[in-house]
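These notes are about the structure you will find just below.
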Amino acid sequence: QVQLVESGGGLVQSGGSLNLSCTASLRNIYTYAMGWFRQAPGKGRQFVAGISRSGATRNSAYGVKGRFTISRDNAKNTVYLQMNSLKAEDTAVYYCAASGLDYVSTAEYDYGYWGQGTQVTVSS
């Protein structure tokens, strides 16, 4: 059973930065592609960014390109989401997820393991 624990969320002013972390309970995290999703109040969960098993391939949603960067450190069983130039519309609960696929999927149903989420609030 894979457990994912997110951290690093909080309250930040518009234009500020946050760095989210997701630590996995397993040592073979390198066998999973990883993704970050977010869910704003009253909306469905949306793909934010994903990274392949090795870290060689990354993908991010159009609205965060150039502002958010996903990375991973397999030795530390950790995935990161560096968020810069934050906007009020980035306010959401951010979830880390793991997929057994060998490519980066943007589809929620391709991720079998999920963290509990961390709240990010951007004040305008």
Side-chain angles (χ1 to χ4, degrees):
Q1 185 72 13
V2 177
Q3 290 186 327
L4 304 173
V5 179
E6 302 98 335
S7 61
L11 174 64
V12 64
Q13 289 186 335
S14 179
S17 299
L18 284 174
N19 188 25
L20 305 183
S21 297
C22 170
T23 300
S25 64
L26 39 58
R27 297 192 176 193
N28 60 339
I29 190 176
Y30 57 86
T31 66
Y32 292 87
M34 302 296 294
W36 285 96
F37 290 75
R38 67 186 181 186
Q39 187 167 19
K43 297 186 177 180
R45 198 147 50 181
Q46 299 176 322
F47 173 81
V48 175
I51 189 166
S52 62
R53 294 170 175 175
S54 67
T57 302
R58 307 179 192 191
N59 191 11
S60 58
Y62 176 79
V64 305
K65 284 186 185 297
R67 300 189 299 123
F68 292 10
T69 301
I70 188 171
S71 61
R72 66 189 298 163
D73 185 339
N74 288 338
K76 295 183 178 180
N77 300 326
T78 302
V79 179
Y80 305 95
L81 184 68
Q82 176 65 44
M83 305 187 295
N84 299 325
S85 302
L86 283 161
K87 306 175 182 179
E89 51 262 43
D90 295 318
T91 295
V93 177
Y94 283 71
Y95 297 91
C96 173
S99 165
L101 299 177
D102 60 358
Y103 62 91
V104 178
S105 171
T106 63
E108 182 179 353
Y109 55 74
D110 280 331
Y111 291 80
Y113 301 102
W114 293 82
Q116 82 289 349
T118 185
Q119 176 70 47
V120 171
T121 303
V122 184
S123 62
S124 56

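Predicted model only: the values in this text are computed from it and were never measured.
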Given the rule that I, L, V, M, F, W and Y join up when any side-chain heavy atoms are under 4.5 Å apart, are Y80 and I70 in one cluster?
no
Tell me whether V104 shares a hydrophobic cluster with V48, the cluster being built from Ile, Leu, Val, Met, Phe, Trp, Tyr side chains joined at under 4.5 Å.
no
Donor-acceptor pair, side chain of D73 and main chain of A75, under 3.5 angstrom:
yes
Any chain of hydrophobic side-chain contacts (each under 4.5 Å) joining L101 to Y32?
no
Close side-chain approach of Q39 and Y94, heavy atoms under 4.5 Å
no
Residue pairs involving residues 92-124 (criterion disulfide bond (SG atoms under 2.5 Å apart); sequence neighbours excluded)
C22-C96
Please check this pair: side chain of R38 against backbone of R45, looking for a donor-acceptor N/O pair closer than 3.5 Å.
no
Taking the six-membered ring for Trp, are F37 and Y111 closer than 6.0 Å centroid to centroid?
yes
Smallest separation among heavy atoms of G115 and Y95, with atom names
O-CD2, 3.6 Å
When rounded to the nearest 0.5 angstrom, what distance separates CZ in F47 from OG1 in T106?
6.0 Å
Modelled atom types, side-chain donor and acceptor of Q119 and T121, under 3.5 Å:
yes
Under 4.5 Å between side-chain heavy atoms, counting indirect links through other Ile/Leu/Val/Met/Phe/Trp/Tyr residues: same cluster for V64 and L20 or not?
yes
Criterion side-chain contact (heavy atoms from CB on, under 4.5 Å) on L18 and V120, from CA distance to verdict
CA-CA 9 Å; L18 284 174; V120 171; 3.8 Å; yes
Within this structure, what is the OG1-CG distance for the pair T23 and N77, rounded to the nearest 0.5 Å?
8.0 Å
Of all heavy-atom pairs linking D110 and S105, the shortest is OD2-OG, 2.6 Å
Would you say E6's side chain and G117's backbone share a donor-acceptor pair under 3.5 angstrom?
yes
Quick one: pull up OG in S124 and CG in L86 and give me the separation to the nearest 0.5 Å.
12.5 Å
Locate the shortest heavy-atom distance separating K65 from N59; write the atom from each residue and the value.
NZ-OD1, 4.0 Å
Would the distance check show the side chain of K87 and the main-chain N or O of S14 forming a donor-acceptor pair, the cut-off being under 3.5 Å?
no
Atom pair CG/OH of L4 and Y113 - distance to nearest 0.5 Å:
9.5 Å
Quick check: is L81 connected to I51 through a chain of hydrophobic side chains (ILVMFWY, heavy atoms under 4.5 Å apart)?
yes
Using a 6.0 Å cut-off, check whether atom CD of E89 has over 12 heavy atoms from anything other than its own residue.
yes
To the nearest 0.5 Å, how far apart are CG in D102 and OG in S52?
9.5 Å
Determine whether more than 12 heavy atoms belonging to other residues, nucleotides or ligands lie under 6.0 Å from atom NZ of K76.
no
For the pair T118 (side chain) and G9 (backbone), establish whether a donor and an acceptor sit closer than 3.5 Å, ignoring hydrogens and angles.
yes
Verify, without hydrogens or angle tests, whether R53 (side chain) and T31 (backbone) share a donor-acceptor contact under 3.5 angstrom.
yes
Do you know which two heavy atoms are closest between M34 and I29, and how far apart they sit?
SD-CG1, 4.2 Å
Less than 4.5 Å apart, any side-chain heavy atom of S17 and any of M83?
no
Which heavy atom of S21 sits nearest a heavy atom of T78, and at what distance?
CB-CG2, 4.3 Å
Do the two ring centres, one from W36 and one from F68, sit under 6.0 Å apart?
no
Ignoring hydrogens and angles, tell me if any N or O in the side chain of R67 forms a donor-acceptor pair with the backbone of S85 under 3.5 Å.
yes
